[in-house]
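Keep in mind that this is a model prediction, so the values were computed, not measured. First the proteins, then the strands, lettered A, B, ... as listed; each starts at 1.
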Protein chains: 2
Amino acid sequence: MQEHYPHPEMKTVQLAEVLHALSDPLRLRIVAALAAGEERGWGEFDAPVAPSTLSHHMKVLRQAGLVTHRRDGTRCIVALRPELEERFPGLLGTVLRLAPEKMGA
Amino acid sequence: MQEHYPHPEMKTVQLAEVLHALSDPLRLRIVAALAAGEERGWGEFDAPVAPSTLSHHMKVLRQAGLVTHRRDGTRCIVALRPELEERFPGLLGTVLRLAPEKMGA
DNA sequence: GGCGTTGTTCGATGAATATCGAATGACCGT
DNA sequence: ACGGTCATTCGATATTCATCGAACAACGCC
């Protein structure tokens, strides 16, 4: 865990990188889950992978500018980055509308 | 070259696979060029890679359901698949609107 | 039939990716 | 300060990927 997580400046985020981040089923599920509700804790995605693997995917999403990570005591809160909509208007909405992974909790 | 190119059934095309195909800058450029005009010959994309590499990318785009390949004598004509719009409405339009690669000829 | 043009396929290679378990570090209670 | 929870990092591995050059195949044309 980190005190402060590094987040890329939105203007440096490339479209191809965002698409790559979304091209993994698990990462797409995570983003869909965030878009369907509020921010949530790191561990509340019931991802079928080891913690170290989930950490890797979270890092990819963070570096692609899709999500933020924030410390809350011993927890880590994950949330969608609102500025993404300014950078790539309509992208996330379109992709998630077409995504079959309407995962719940 | 092939007499008949294999094209996947559109209903079997997965969103994640399409996103992955679009997540490479060169492939994104190729799709953008096709969307900006008509179908065009294989060799008319002035891609900065070896023919064998271009062939690889063309195969990825074909297998992801994005383009068709058609024989025309000794040439190969590449075109966007119109059914993609039925399968994933708005996706290609949204992505290409945001793509900086408005490449010409 | 032979030749040039046009893509594809076949290794080969180096880089990136997904995955895991184990070790580590940060924080909060007690 | 100690132990527990939570997430990251590290090393290892297996897979995939982008790239190239060389060899090959299909076609049209002479």
Exercise for the section: Indicate whether OP1 or OP2 belonging to D:dT8 is found under 4.0 Å from a side-chain N or O atom of A:W42. Expected result: yes
Practice task
Name the residue closer to the 5' end of DNA chain C, choosing between B:I77 and A:D72 according to the nucleotide with the nearest heavy atom.
Solution key: B:I77
Find the distance [X]:[atom1] to [N]:[atom2] and express it as a whole number of Å.
| X | N | atom1 | atom2 | value |
| --- | --- | --- | --- | --- |
| A:L54 | D:dT8 | CG | P | 8 Å |
| A:H20 | D:dA18 | NE2 | C1' | 13 Å |
| B:R27 | D:dT19 | CZ | C1' | 13 Å |
| A:D24 | D:dT15 | CG | C1' | 14 Å |
| B:H56 | D:dC20 | NE2 | P | 11 Å |
| B:I30 | D:dA18 | CD1 | P | 12 Å |
| A:E44 | D:dA7 | CD | C1' | 14 Å |

Problem - Nucleotide interval of DNA chain C bounded by contacts with chain B (heavy-atom cut-off, under 4.0 Å) - result: C:dT5 to C:dT9
Handout entry: Ion pair check, A:R29 and A:D46, cut-off under 4.0 Å
Key =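 Salt bridge between A:R29 and A:D46, a charged N being under 4.0 Å from a carboxylate O: yes.
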Handout entry: Letter per nucleotide, 5' to 3', of nucleotides 24-30 of chain D [B base touched, S only sugar-phosphate touched, - untouched; heavy atoms, 4.0 Å]
Key = --SSS--
Exercise for the section: May I ask you to decide if B:R27's main-chain N or O and B:D24's side chain share a donor-acceptor pair within less than 3.5 Å? Expected result: yes
Handout entry: Under 3.5 Å: donor-acceptor pair, side chain of B:E44, backbone of B:G41
Key =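 Checking the backbone N and O of B:G41 against the side chain of B:E44, a donor-acceptor pair under 3.5 Å is found.
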Handout entry: Within-4.5 Å side-chain heavy-atom neighbours: A:V18 and A:F88
Key = yes
Problem - For A:S23, all residues meeting side-chain contact (heavy atoms from CB on, under 4.5 Å), sequence neighbours excluded - result: A:H20, B:L19, B:H20
Practice task
Assign each of B:V49 and A:T53 to its nearest nucleotide of DNA chain D by heavy atoms, then name whichever residue's nucleotide is nearer the 5' end.
Solution key: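 Here A:T53 is the residue nearer the 5' end.
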Problem - CZ/A:R75: more than 12 non-hydrogen atoms of other groups inside 6.0 Å - result: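 Counting neighbours around CZ of A:R75, 12 or fewer heavy atoms of other residues, nucleotides or ligands fall under 6.0 Å, so no.
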Practice task
Give A:G41 one of three labels, base, sugar-phosphate or nothing, depending on what nucleic acid heavy atoms sit under 4.0 Å from its own.
Solution key: nothing
Handout entry: Non-hydrogen atoms of A:R71 and A:T74 that approach each other most closely
Key =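 Scanning both residues, the minimum pair turns out to be NH2-CA, 4.5 Å.
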Practice task
Over all heavy atoms of both residues, which pair between B:V49 and B:L54 is shortest? Give the atoms and the distance, please.
Solution key: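 Closest approach of B:V49 to B:L54: CG2-N, 3.8 Å.
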Practice task
Go through B:F45 and B:H57 one step at a time and tell me if the side chain to side chain contact (heavy atoms under 4.5 Å, CB included) criterion holds.
Solution key: CA-CA 12 Å; B:F45 291 94; B:H57 287 299; over 6 Å; no
